[in-house]
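These notes are about the structure you will find just below.
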Amino acid sequence: MDILITDSSPARQILSASSLTLGLPRPPRAFYRHGWQSWSLAAWTDLTPLPVQRPTSLHPMQTDPVYVNESLPNGSWLGAVEFENGEILLLGALGMDSHVQLDGRQFKGWYESSEGEWFVARGGEAAAFAKYSEELGKRFGRKSDKPAPRIWCSWYSLYTAIDEPILRNIFDGLGDLPFDVLQVDDGWQVKVGDWEANGKFSSGMAALADKIKSTGRTAGLWLAPLIAVKSSRLFREHPEWFLKDEKGKFVSAGFNWGEQVYALDVTHPAAQEWLAALMKRVRAWGFNYLKLDFLYAGALPGRRHTNMPREAAARVGMKTLRESMGLDAFFLACGMPFLPALGLCDAMRIGPDVAGEWESRRDAILLHNLSTPGVKNAIRTTVNRLWMDPLLHTDPDVAYFTSRANTLTPDQRRLLQDLARVCRFKATSDLPQWLTADKRSQLRAFLEDSSDIKQIERYRFQIGSREVDFSSAMDLPAPPRGLVAAQARVIGWLGNQGWALQILDQMGKHSLEKIKKEI
Ligand code: 9PG
């Protein structure tokens with residue numbers, strides 16, 4: 001379907017087509033790129049091609065691997081162009097398995113395997129995005145009426161160095177700070193895929209949940225149920241449950257924990273049974289807040305037990321998870337493609353991880369990777385996805401109050417705290433023993449604050465009587481040139497070598513041991 005957009009075109013329309021092309025009335029000056037899953041870039045950019053992010057070994061874990069080499073401006077489900085007068089034209093799919101791309105003055109959208117609906121809106125940015133989210137809400141479901149809990153999460157201080165005594169001590173140390181959920185992150189399980197308590201949690205997970213509940217809070221747990229590392233028992237005992245490509249080779253879901261990661265085929269009946277039993281088990285342990293991570297694995301391209309479009313498959317996986325955990329559990333989806341999640345989870349991480357630094361030179365400049373952990377990456381993508389708020393609770397990741405174990409300036413920490421206020425989703429990983437009396441009272445005030453929030457401009461917000469500007473996180477690194485480009489090629493190559501990633505993983509573990517000694 002070809003449509004010429006003119007100044008007399010309707011302000012909003014809904015069309016049905018397997019593919020469509022909008023002819024633009026004049027050349028645009030910017031494009032809104034919408035990345036596939038939580039950690040993929042969402043940003044307004046100019047129209048020049050972006051360098052392909054590296055390393056390629058992480059493409060399935062950070063982007064949509066199907067479109068990662070596309071050089072024209074493009075995006076998952078939706079995109080928008082901005083004209084010189086500040087008006088925008090938004091093209092958004094109202095169904096899954098769809099993509100958009102800008103080719104000169106032609107703005108194209110297509111469904112990968114069927115026909116579907118498209119939403120087209122012209123005019124002011126805020127109104128266009130608000131209408132789009134309203135139409136998505138009608139089709140997929142809106143935000144649940146559960147309030148967003150205030151969360152203490154173990155990841156961004158201890159990473160995998162958690163154990164039972166350390167966590168018990170922290171839970172006591174948090175005292176009467178107004179947290180609703182204490183959430184145990186990665187590090188408790190035998191292996192990714194083998195979801196039983198490891199040797200550091202000898203009393204078992206039910207005892208840990210009991211400990212959390214005894215402080216009057218909800219127990220939260222992290223799992224990555226749709227992936228398994230190569231050395232896991234799950235993968236070794238049930239290889240037939242894992243996604244393969246057309247040639248019969250296992251599909252890579254990326255590389256992490258020093259190993260190759262594989263994706264569960266969520267359409268396989270036995271895998272579905274296993275997933276449902278897993279969700280019931282963690283609920284029976286006493287965990288009512290579940291952070292389910294690396295969920296993109298349900299939507300990677302491959303040959304499935306039941307043949308269906310890949311995002312439709314991911315939604316089948318989400319339904320299995322939701323139905324088996326029960327509607328009363330709070331479900332935070334992470335590493336998740338946006339559309340397949342709608343209506344099935346309570347909250348979604350809408351940006352990359354934060355970290356104890358603003359930006360990594362290696363990742364931003366040399367690898368042009370805007371999905372890796374870092375405060376700038378997290379703020380950039382999160383702010384550009386705030387329009388999702390009517391559809392689910394938007395998780396911007398944690399804020400820092402302590403100045404221990406991070407290199408953030410007070411202004412940078414403040415910006416992250418303000419982002420949490422704007423998202424109305426508040427979490428931290430700060431250790432109570434690292435908080436001075438002053439920091440502790442700042443944290444309390446933050447958790448209790450319910451200031452009015454108003455968006456003033458694309459990146460400017462009014463929080464109570466203060467104005468906050470997130471523009472400093474928006475620029476993209478310039479593509480490397482000359483000697484830096486040579487350095488970039490070496491680092492990009494290293495990022496594809498299993499041994500190099502293993503060394504990085506070991507170095508990470510080593511520095512965690514140091515943190516552990518300090519607490
Ligand atoms: C635990 C962590 C934390 C964190 C999650 C997720 O390759 N990547 O781009 C990549 C990004 C984020 C990430 C892992 C890998 O972190 O977002 O909050 O739970 O897992 O392992």
Side-chain angles (χ1 to χ4, degrees), residues 35-42 53-65 68 151-162 181-189 191-193 195 198 220-229 232 252-261 263 289-297 300 331-337 341 345 347-357 360 362-364 367-375 377-378 380-382 394-400 416 420 425 427-429 495-496 498 501 504-505 508-509 512:
W36 192 46
Q37 49 114 321
S38 307
W39 309 321
S40 319
L41 174 70
Q53 68 182 69
R54 279 179 287 204
T56 49
S57 62
L58 296 185
H59 283 170
M61 199 168 253
Q62 301 183 321
T63 65
D64 184 343
V68 65
I151 304 145
W152 186 87
C153 155
S154 62
W155 184 248
Y156 300 90
S157 49
L158 296 165
Y159 298 94
T160 51
I162 49 174
V181 172
L182 306 183
Q183 181 241 313
V184 180
D185 214 284
D186 187 359
W188 61 271
Q189 74 283 0
K191 281 200 175 177
V192 169
W195 302 105
N198 61 31
L221 191 64
W222 171 95
L223 302 104
L226 304 188
I227 55 169
V229 292
S232 64
S252 170
F255 199 96
N256 203 352
W257 304 280
E259 278 192 68
Q260 185 58 56
V261 177
Y289 173 99
L290 300 181
K291 173 180 176 184
L292 302 189
D293 206 353
F294 294 81
L295 297 179
Y296 63 86
L300 290 173
F331 176 6
L332 166 67
C334 189
M336 179 68 206
C345 58
M348 191 171 83
R349 250 288 275 298
I350 57 164
D353 287 19
V354 299
E357 63 181 344
S360 141
R362 180 197 70 193
D363 296 350
L367 299 173
H368 210 275
N369 189 324
L370 308 171
S371 308
T372 50
V375 171
N377 288 345
R380 186 195 293 111
T381 287
T382 300
T394 49
D395 171 13
D397 211 0
V398 307
Y400 294 83
L416 212 44
F425 197 98
T428 188
S429 291
N496 289 333
L501 294 171
L504 268 185
D505 188 62
K509 284 199 181 125
L512 284 181

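Sequence positions, counted from 1, serve as the residue numbers for this chain. Note that ligands are numbered from 1 as they come in the structure, with each ligand's atoms numbered from 1 the same way.
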Report the nearest protein non-hydrogen atom to [atom]: residue, atom name, distance rounded to 0.1 Å.
atom	answer
atom 5 (C) of ligand 1	D293 OD2, 3.0 Å
atom 21 (O) of ligand 1	D186 OD2, 2.7 Å
atom 7 (O) of ligand 1	M61 SD, 3.4 Å
atom 3 (C) of ligand 1	D185 OD1, 3.5 Å
atom 14 (C) of ligand 1	F294 CZ, 3.5 Å
atom 16 (O) of ligand 1	D353 OD2, 2.9 Å
atom 8 (N) of ligand 1	Q62 NE2, 3.6 Å

For the student: nearest non-hydrogen atoms of [X] and [Y], plus distance:
X	Y	value
T381	P352	CB-CD, 3.7 Å
K191	S232	CD-CA, 4.1 Å
S154	S429	C-OG, 4.2 Å
G335	S38	N-OG, 3.0 Å

### Task
Could you grab the distance from atom CD1 of I227 to atom CD of Q260, nearest 0.5 Å is fine?
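Spacing of CD1 (I227) from CD (Q260) equals 11.0 Å.
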### Task
Output the distance between atom CD1 (I162) and atom CG (D186), rounded to the nearest 0.5 Å.
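Answer rounded to 0.5 Å: 7.0 Å.
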### Query
Counting only heavy atoms, which portion of A224 has something under 4.0 Å from ligand 1: side chain, backbone, both, or neither?
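Neither part.
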### Task
Would you please classify the geometry between the F294 ring and the Y296 ring as parallel, tilted or perpendicular, with 30° and 60° separating the classes?
tilted
Is there a nitrogen or oxygen of [X] sitting under 3.5 Å from a nitrogen or oxygen of ligand 1?
X	result
K291	yes
D397	no
W155	no

### Task
Select the closest option to atom 18 (O) of ligand 1 among Y159, W39, Y156, F255, judged by heavy-atom distance.
Y156
### Query
Would a distance-only check, ignoring hydrogens and angles, find a side-chain to backbone donor-acceptor pair under 3.5 Å from S57 to G495?
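Answer holds: yes.
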### Query
With atoms numbered from 1 as shown, which atoms in ligand 1 lie under 4.0 angstrom from a non-hydrogen atom of R349?
17 (O), 18 (O)
### Task
Identify, by atom number and element, the atoms of ligand 1 in contact range of C334, meaning under 4.0 Å from any of its heavy atoms.
17 (O)
### F255 side chain near L58 side chain, heavy-atom distance below 4.5 Å
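Of all side-chain heavy-atom pairs linking L58 with F255, at least one is under 4.5 Å.
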